[in-house]
Amino acid sequence: MRNGTCWLDDQGHTIQAHGGMITRFHEKWYWYGENKDADNCKVNGRLLSRVDVRGVSCYSSDDLHLWHHEGIVLPAEPTDPSSPLYPGKVCERPKVIYCEHTGKYVMWFHSDAADYTLANAACATSDTPVGPFTLQKTVTPNRRDCRDMTLFQDEGTGMAYLIHSGDWNKTLYLSQLDETFTDFTGVCFEAFPGQEREAPAFFKRQGLYYSITSGCTGWAPNSALYAVGQHLSNGLKLIDNPCEGEGCHETFGGQSTYIFEDQQRYYLMLDHWKPMDLRNSGYSILPIAFEKERMIIRWTDEF
Ligand code: DGJ
């Protein structure tokens with residue numbers, strides 16, 4: 001898989017799983033993400049940097065390389081203008097975790113109006129990793145806005161968090177989920193107040209919490225920053241740009257979306273957005289190296 005390009009599935013079709021995540025359920029890999037397989041929208045002949053909502057796709061794989069499309073597991077709802085899945089809205093950065101307590105797979109995504117002024121989070125659940133997912137609700141977590149977001153489950157405590165850019169992207173919030181993962185406990189931690197970080201990706205390694213985030217420049221790449229901390233509750237500390245080498249100041253042309261672990265190695269997933277041809281936006285998966293606690297990410301041509 002050539003990093004920075006749009007990859008193909010086992011049928012030769014472009015993988016449509018943007019702003020996504022790779023995770024493992026029962027020894028199989030699953031990749032969820034935005035299906036953007038449509039022409040960019042046009043208004044009065046002018047091309048816009050958006051595509052209508054098509055839904056959330058799921059791919060499965062045994063080896064992280066050959067991906068099989070399991071279908072659109074949460075499809076758009078073209079007949080219901082009030083639905084967050086109505087094509088004229090925004091459905092971005094879907095993430096899925098398994099809830100032991102209910103036995104459900106729980107998806108959260110950033111749900112918005114076309115102009116991004118609504119800033120909600122939406123939740124859907126399924127009995128299987130490959131859907132169908134049923135929409136449950138649309139909310140403002142702890143009365144905060146939600147734009148770019150991710151899910152993070154703390155293996156130690158089992159607690160899960162919806163981590164979302166709020167206050168018009170000024171601050172990142174960690175909204176703790178209740179035992180069903182579909183609601184909030186009311187506990188909410190702040191990270192990076194006033195620092196304007198988005199595209200959050202979190203993981204835990206050797207007892208420390210890490211995050212990688214991007215700056216807020218729309219679809220254009222910018223410098224990533226990593227942060228580290230001993231507790232989620234008192235905010236992680238922003239350290240530095242983890243990227244090294246040519247293109248490091250623009251995250252090699254990409255933007256973070258998720259970090260997954262395989263055999264105690266961590267991998268950063270990037271989207272390489274093509275704002276005027278979003279369906280052909282590319283992907284990268286880059287290994288994360290550590291020198292003690294310092295994080296280093298270098299470009300590799302292939303994953
Ligand atoms: C940056 C975000 O990271 C993307 O997910 C998307 O919302 C764009 N902004 C829209 O401009």
Side-chain angles (χ1 to χ4, degrees), residues 19-26 30 32 56 58 73-74 83-85 91-112 118-167 171-193 197-204 207-211 213 227 229-236 257-261:
M21 74 175 311
I22 289 174
T23 189
R24 195 173 17 203
F25 296 124
H26 313 295
Y30 294 91
Y32 301 91
V56 177
C58 174
V73 295
L74 183 69
S83 166
L85 293 160
C91 162
E92 289 182 351
R93 297 186 176 268
K95 304 288 178 285
V96 177
I97 50 176
Y98 177 68
C99 180
E100 289 274 352
H101 185 74
T102 58
K104 301 270 186 195
Y105 295 83
V106 181
M107 178 190 293
W108 284 89
F109 62 93
H110 167 201
S111 168
D112 220 320
L118 203 56
N120 285 332
C123 172
T125 59
S126 167
D127 292 329
T128 77
V130 294
F133 281 81
T134 307
L135 193 68
Q136 301 295 335
K137 63 177 89 173
T138 312
V139 292
T140 48
N142 296 305
R143 296 184 298 281
R144 306 267 184 209
D145 51 348
C146 167
R147 290 192 170 80
D148 279 9
M149 49 129 292
T150 191
L151 291 177
F152 172 69
Q153 185 172 15
D154 188 344
E155 279 171 18
T157 62
M159 301 304 292
Y161 299 82
L162 175 76
I163 300 176
H164 50 110
S165 302
D167 288 349
T171 296
L172 203 64
Y173 291 98
L174 283 68
S175 289
Q176 193 178 64
L177 297 172
D178 74 358
E179 78 261 19
T180 69
F181 294 172
T182 62
D183 216 336
F184 299 94
T185 62
V187 172
C188 181
F189 307 133
E190 260 189 25
F192 322 138
R197 308 305 299 168
E198 62 178 7
F202 275 62
F203 66 104
K204 192 178 186 181
L208 291 176
Y209 298 94
Y210 290 88
S211 70
T213 52
Q230 287 183 316
H231 307 283
L232 291 177
S233 52
N234 55 3
L236 308 190
T257 182
Y258 201 72
I259 292 159
F260 68 89
E261 178 264 334

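Along the sequence shown, residues carry numbers from 1.
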Residue list, salt bridge (charged side-chain N to carboxylate O under 4.0 Å, His left out) with E261, at least two apart or on another chain:
R24
Which pair of non-hydrogen atoms, one from L151 and one from V106, has the smallest distance, and what is that distance?
CD1-O, 4.1 Å
Tell me whether D145 contacts the main-chain N or O of D167 through its side chain, where contact means a donor paired with an acceptor under 3.5 Å.
yes
Between SG of C188 and CZ of R144, what distance do you get to the nearest 0.5 Å?
5.5 Å
Kindly compute the distance separating OG1 (T150) from OH (Y258), expressed to the nearest 0.5 Å.
6.0 Å
Evaluate side chain to side chain contact (heavy atoms under 4.5 Å, CB included) for R93 paired with T257, printing each intermediate quantity in order.
CA-CA 7 Å; R93 297 186 176 268; T257 182; 3.7 Å; yes
Is the ring centre of F25 less than 6.0 Å from the ring centre of Y105?
yes
Would you mind telling me which of L162, L172, I163 makes a side-chain contact (heavy atoms from CB on, under 4.5 Å) with M149?
L162
Please report the C-alpha distance between K137 and D183 in whole Å, then the side-chain angles of each, then the deciding distance to 0.1 Å, and finally whether the side chain to side chain contact (heavy atoms under 4.5 Å, CB included) criterion is met.
CA-CA 9 Å; K137 63 177 89 173; D183 216 336; 3.7 Å; yes
Indicate the atoms forming the closest heavy-atom contact of Y32 with P129, along with that distance.
OH-O, 2.6 Å
Does the side chain of T182 pick up a donor-acceptor pair with the side chain of T180 at under 3.5 Å?
yes
Restricting to non-hydrogen atoms, name the atom on K95 and the atom on G20 that form the minimum distance, rounded to 0.1 Å.
NZ-O, 3.4 Å
Exam field: side chain D112 to backbone L118, donor-acceptor pair closer than 3.5 Å
yes
Say you draw a straight line from OG1 of T128 to NZ of K104; how long is it, rounded to the nearest 0.5 Å?
10.0 Å
Using 30° and 60° as the class boundaries, would you call the ring planes of Y173 and H164 parallel, tilted or perpendicular?
tilted
G186 and N142: which non-hydrogen atoms are nearest, and at how many Å?
CA-OD1, 3.4 Å
Among F152, F260, Y209, Y210, find the one that has a ring pair (Phe, Tyr, Trp, His ring centres under 6.0 Å) with F203.
Y210
Applying side chain to side chain contact (heavy atoms under 4.5 Å, CB included) to F181 and T102, what does each step give before you reach the verdict?
CA-CA 9 Å; F181 294 172; T102 58; over 6 Å; no
Could you check if a side-chain atom of V56 sits within less than 4.5 angstrom of a side-chain atom of C91, using non-hydrogen atoms only?
yes
Chi angles and distances behind the side-chain hydrogen bond (donor to acceptor under 3.5 Å, both in side chains) call for T171, E190
CA-CA 7 Å; T171 296; E190 260 189 25; 5.3 Å; no
Verify, without hydrogens or angle tests, whether R197 (side chain) and T213 (backbone) share a donor-acceptor contact under 3.5 angstrom.
yes
Show the nearest heavy-atom pair for residues H110 and D148, with the distance to one decimal.
ND1-N, 4.0 Å
Taking side chain as C-beta onward, heavy atoms only, is L74 less than 4.5 Å from L85?
yes
Check whether any side-chain heavy atom of N120 lies under 4.5 Å from a side-chain heavy atom of P84, and answer yes or no.
no
What's the spacing between M107 CE and T134 OG1 if we round to 0.5 Å?
10.5 Å
Side chain to side chain contact (heavy atoms under 4.5 Å, CB included) between C146 and W108, worked out:
CA-CA 11 Å; C146 167; W108 284 89; over 6 Å; no
Taking every non-hydrogen atom, the tightest pair across Y98 and G103:
OH-CA, 3.4 Å
Got F133 and C58 here, is their nearest side-chain heavy-atom distance under 4.5 Å?
no
Between E198 and S165, a side-chain donor and acceptor under 3.5 Å:
no
Contact between L177 and M159 at the side-chain level, heavy atoms closer than 4.5 Å - yes or no?
no
Go through Y161 and D154 one step at a time and tell me if the side-chain hydrogen bond (donor to acceptor under 3.5 Å, both in side chains) criterion holds.
CA-CA 8 Å; Y161 299 82; D154 188 344; 5.5 Å; no
